[in-house]
Amino acid sequence: MLSIYSFDDRRDIAIPGDQEEAIRFAVEHWISTAEEAIAKRSFFSVALSGGSTPHAIYQMLSQAPYASRLDWSKVYLFWSDERAVPPDHPDSNYHMAMKSGLSRLPLISSHIFRMEAERKIEANALAYEAIIRRVAGPGLFDLVMLGVGEDGHTASLFPHTSALAIEDRLVVPNWVEEKKSWRMTLTFSCIRQSKKAVIYALGDSKKSIVNEVLHASESSYPASRIGAPSKKSLWIIDNSAAALLRKRHPHSI
Ligand code: 6PG
């Protein structure tokens with residue numbers, strides 16, 4: 001049974017079932033968000049995420065029956081974050097998305113905007129912001145895809161990093177001390193101004209952080225900040241990741 005709950009005034013939660021059912025739901029939601037945007041303004045702009053769940057989403061999206069449901073020439077691909085590596089590197093989020101199957105879709109290559117985080121990261125972050133404003137327009141993205149790390153990070157907005165406080169930019173470089181590396185990431189401001197944000201969390205390893213992020217105060221974890229009363233975020237989680245939430249809300253979730 002498909003269930004979407006209003007978790008609070010800032011967040012909705014969908015718990016479609018096991019891992020496969022959650023991925024299928026995420027793909028259906030992605031496609032219908034794209035169809036709606038294309039019907040309204042003739043294109044769909046999406047910020048893709050890295051991580052294991054998006055990998056499975058891209059695989060399913062690029063196969064039948066989903067691959068034939070959209071006019072892919074109307075789809076504009078961006079990224080919500082990127083590691084400081086070249087596009088053919090196995091850690092690259094761009095590489096992961098393309099290799100998962102998106103490269104087989106009839107996308108227009110000039111509609112694919114990878115974050116160039118491996119060089120001149122500050123200048124490239126500014127340039128990326130300008131492209132978002134020019135291509136996506138004032139409402140920014142139709143959909144921002146996000147994950148949640150076990151430390152509560154989302155996109156490359158890691159706890160205690162400088163990017164968390166930046167409000168006047170859409171895209172910034174972010175030094176992540178625990179990884180001793182640079183990331184490029186969308187800011188909270190960019191995510192907040194975009195039309196929809198979805199956080200995907202699957203599997204047993206996510207059950208504690210999902211429970212904490214959703215119950216902690218808004219300032220506790222980066223992922224706790226996603227969603228506002230005027231524009232709720234959607235969490236798509238599977239049964240395993242929802243296990244502690246269900247224990248805590250036995251009658252409503
Ligand atoms: C990245 C991400 C990151 C990711 C989370 C969850 O580039 O690493 O964009 O924010 O979404 O770490 O990743 P998993 O889905 O693999 O757990």
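We count residues from 1, following the sequence as given. As the structure lists them, so they are numbered: ligands from 1, and atoms in each ligand from 1.
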Could you list the atoms of ligand 1 found under 4.0 angstrom from a heavy atom of G51?
13 (O), 14 (P), 15 (O), 16 (O)
Proximal atoms of ligand 1 relative to S49 (non-hydrogen, under 4.0 Å)
9 (O), 11 (O)
Are any of the heavy atoms in R83 under 4.0 Å away from ligand 1?
yes
With the threshold set at under 4.0 angstrom, would you say K206 reaches ligand 1 through any of its heavy atoms?
yes
Check for me whether the distance between the ring centres of [X] and [Y] falls short of 6.0 Å.
X: Y128; Y: F113; result: no
X: Y94; Y: W79; result: yes
X: H153; Y: H160; result: no
X: Y200; Y: H55; result: no

Of all residues at least two apart in sequence or in a different chain, which pass the ring-ring contact (aromatic ring centres under 6.0 Å, His included) check with F44?
W30
Tell me the contacting part of H153 for ligand 1: side chain, backbone, both, or neither, using a 4.0 Å heavy-atom threshold, strictly below.
side chain
With a heavy-atom distance limit of 4.0 Å, tell me whether N93 approaches ligand 1 through its side chain, its backbone, both, or neither.
side chain
So if I apply the salt bridge (charged side-chain N to carboxylate O under 4.0 Å, His left out) rule between R24 and each of E21, E28, E20, which one comes out positive?
E20
Have a look at D142 and tell me which of K40, K196, R41, K74 forms a salt bridge (charged side-chain N to carboxylate O under 4.0 Å, His left out) with it.
R41
Among protein heavy atoms, which sits nearest to atom 6 (C) of ligand 1, and what does the distance come to when rounded to 0.1 Å?
V148 O, 3.6 Å
Which protein non-hydrogen atom lies closest to atom 16 (O) of ligand 1, naming both residue and atom, and how far is it?
S52 N, 2.8 Å
Option set L48, T53, D81, criterion heavy-atom distance to atom 2 (C) of ligand 1, minimum:
D81
Between the candidates A155, G50, G147, G149, which shows the shortest non-hydrogen contact distance to atom 10 (O) of ligand 1?
A155
